[in-house]
Amino acid sequence: MSSKQDRLLDIYRRLLASYGPQGWWPAETPFEMCVGAILTQATAWRNVELAIARLKDNDLLSPGSLMAAGEEVLADLIRPSGYYRQKAARLISLDRYILSRGSSMDWLKQEDPKELRQELLAVNGIGPETADSILLYAGNHPVFVVDAYTRRILHRLGLIQASLDYHRIQQLFMDQLPKDPALYQEYHALIVALGKEACNPKPRCGLCPLRDLCPTHIIPESTIPQG
DNA sequence: ATCCGGACGA
DNA sequence: TCGTCTGGAT
């Protein structure tokens, strides 16, 4: 029987059964993963793919190459991913940091994730979600990634207040789930799948595999909370 | 018009 | 806490 303790694991099993393994992160190298993490900030992945393809065409997906290209060239290439001036500056900050640590990027998997997190957060353009994404998907560290979908979905499921902060939402997952990076990688990806397919800002509960355990879908439409 | 796999500065 | 950054898809 499922108690309150393993509800998140139960939700995970349902999402996996409905959507299948997502196989995240879609990148060929750790460096490409980090670049994607910056480019996808508040941006649909579809647009990020265009930007990454353009970088790849110009051989700019290796450490050092972004800095060498220069901010303006970079901005022009990543234009389809939006926020292109900000993100060009952020990619250069990222590249500088990676060069300072070693371009093989082995350190990302080998060093203490708590120390790495502090360093990442000190880089311009890397906030909590981006830092944790890099730790989880490029470093294979057991750090759960929280994004806007995660907060919205948990709130609609009645599991948290909409105002609960990043760290506490992260703790909720990490307290209830085994510290397994493969599990965290798949779970976050499945949450994003649910957020895209069904749990939109205007929820499409008819498509939702969790609707039978969600209090939101039985509320009349006019009173559905918009948070 | 609305919404995207946020972060930063005021 | 809020305004801003920006293009692309629906």
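Numbered from 1 within each chain, the chains take letters A, B, ... in sequence-line order.
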* To do: Side-chain contact test, heavy atoms from C-beta onward, threshold under 4.5 Å: evaluate it for Glu186(A) versus Leu190(A) and give yes or no.
  => yes
* Check Asn47(A) against Pro80(A) and note the closest heavy-atom contact, atom names and distance. => CB-O, 3.2 Å
* Asked: dC5(C) P sits how many Å from Asn47(A) CG, rounded?
  -> 19 Å
* To do: Rounded to the nearest angstrom, tell me the gap between atom CD1 in Ile78(A) and atom P in dG6(B).
  =>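 Computing the Ile78(A):CD1 to dG6(B):P distance gives 16 Å.
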* Structure fact -> Judged by nearest nucleotide, the residue sitting upstream toward the 5' end of DNA chain C, Arg46(A) or Ala42(A), is Ala42(A)
* To do: Inspect the contact between Glu111(A) and Arg101(A) and indicate whether a charged nitrogen and a carboxylate oxygen are less than 4.0 angstrom apart.
  => yes
* Asked: With sugar-phosphate meaning primed atoms plus P, OP1 and OP2, does Gln86(A) contact a base, only sugar-phosphate, or nothing at under 4.0 Å between heavy atoms?
  ->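 Base, at least one base heavy atom under 4.0 Å.
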* Asked: Val146(A) near the nucleic acid: base, sugar-phosphate alone, or nothing, with a heavy-atom cut-off under 4.0 Å?
  ->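 Here Val146(A) touches no strand at all.
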* Among dG7(C), dC4(B), dG6(B), find the nucleotide with the atom closest to the side chain of Arg152(A). =>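 Output: dC4(B).
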* In whole angstrom, give the distance that lies between atom CG of Leu39(A) and atom P of dG8(C). =>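 It works out to 14 Å between those atoms.
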* Between dC8(B), dC4(B), dT6(C), which nucleotide has the shortest distance from any of its atoms to the side chain of Pro201(A)? ->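 The answer is dC4(B), which lies nearest to the side chain.
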* Asked: So what does Ile191(A) touch, heavy atoms closer than 4.0 Å: a base, only the sugar-phosphate, or nothing?
  ->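 If one applies the 4.0 Å heavy-atom cut-off, Ile191(A) turns out to touch nothing in the nucleic acid.
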* Structure fact -> To the nearest angstrom, the CD-P distance between Gln41(A) and dC5(C) comes to 16 Å
* To do: Could you check how far CG of Leu50(A) sits from P of dC4(B), rounded to whole Å?
  =>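 Rounded to the whole Å, the gap is 19 Å.
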* Would one find a side-chain N or O of Arg79(A) under 4.0 angstrom from OP1 or OP2 of dT6(C)? ->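 For Arg79(A), the contact criterion (side-chain N or O under 4.0 Å from OP1 or OP2 of dT6(C)) is not met.
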* What does Gly82(A) touch in the nucleic acid at a heavy-atom separation under 4.0 angstrom: a base, only the sugar-phosphate, or nothing? -> base
* In whole angstrom, give the distance that lies between atom CG of Leu94(A) and atom C1' of dA7(B). =>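 Rounded to the whole Å, the gap is 14 Å.
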* With Val146(A), the side chain to side chain contact (heavy atoms under 4.5 Å, CB included) member among Arg168(A), His188(A), Gln171(A), Gln170(A) ->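 One option only clears the test, and that one is Gln170(A).
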* Asked: Counting just side-chain N and O atoms, does Tyr84(A) come under 4.0 Å of either OP1 or OP2 of dG7(C)?
  ->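 For Tyr84(A), the contact criterion (side-chain N or O under 4.0 Å from OP1 or OP2 of dG7(C)) is met.
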* To do: Report the residue (Ile126(A) or Tyr137(A)) whose heavy-atom-nearest nucleotide on DNA chain B is the more 5′ of the two.
  => Tyr137(A)
* Asked: Heavy atoms under 4.0 Å, any strand shown: does Lys196(A) hit a base, just sugar-phosphate, or nothing?
  -> base
* For the pair Arg152(A) and Asp147(A), find out whether any cationic side-chain nitrogen is under 4.0 Å from an anionic carboxylate oxygen. => no
* Asked: Phosphate oxygens OP1/OP2 of dC4(B): is one of them under 4.0 Å from a side-chain N or O of Thr40(A)?
  -> no
* **Protein-nucleotide distance (Asp165(A), atom CG; dT1(C), atom C1'), rounded to Å** =>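 Asp165(A) atom CG is separated from dT1(C) atom C1' by 15 Å.
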* Within the structure shown, what part of the strands sits under 4.0 Å from Tyr83(A) by heavy-atom distance: base, sugar-phosphate, or nothing? -> base
* Describe the nucleic acid contact of Asn200(A) in one word from base, sugar-phosphate, nothing, applying a heavy-atom distance below 4.0 Å. =>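 Answer is nothing: Asn200(A) stays at 4.0 Å or more from every strand.
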* **Over all atoms of both residues, closest heavy-atom pair of Ile160(A) and Arg151(A)** => CD1-O, 3.8 Å
* Between C1' of dA9(C) and CD of Glu49(A), the distance in whole Å ->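 That distance rounds to 13 Å.
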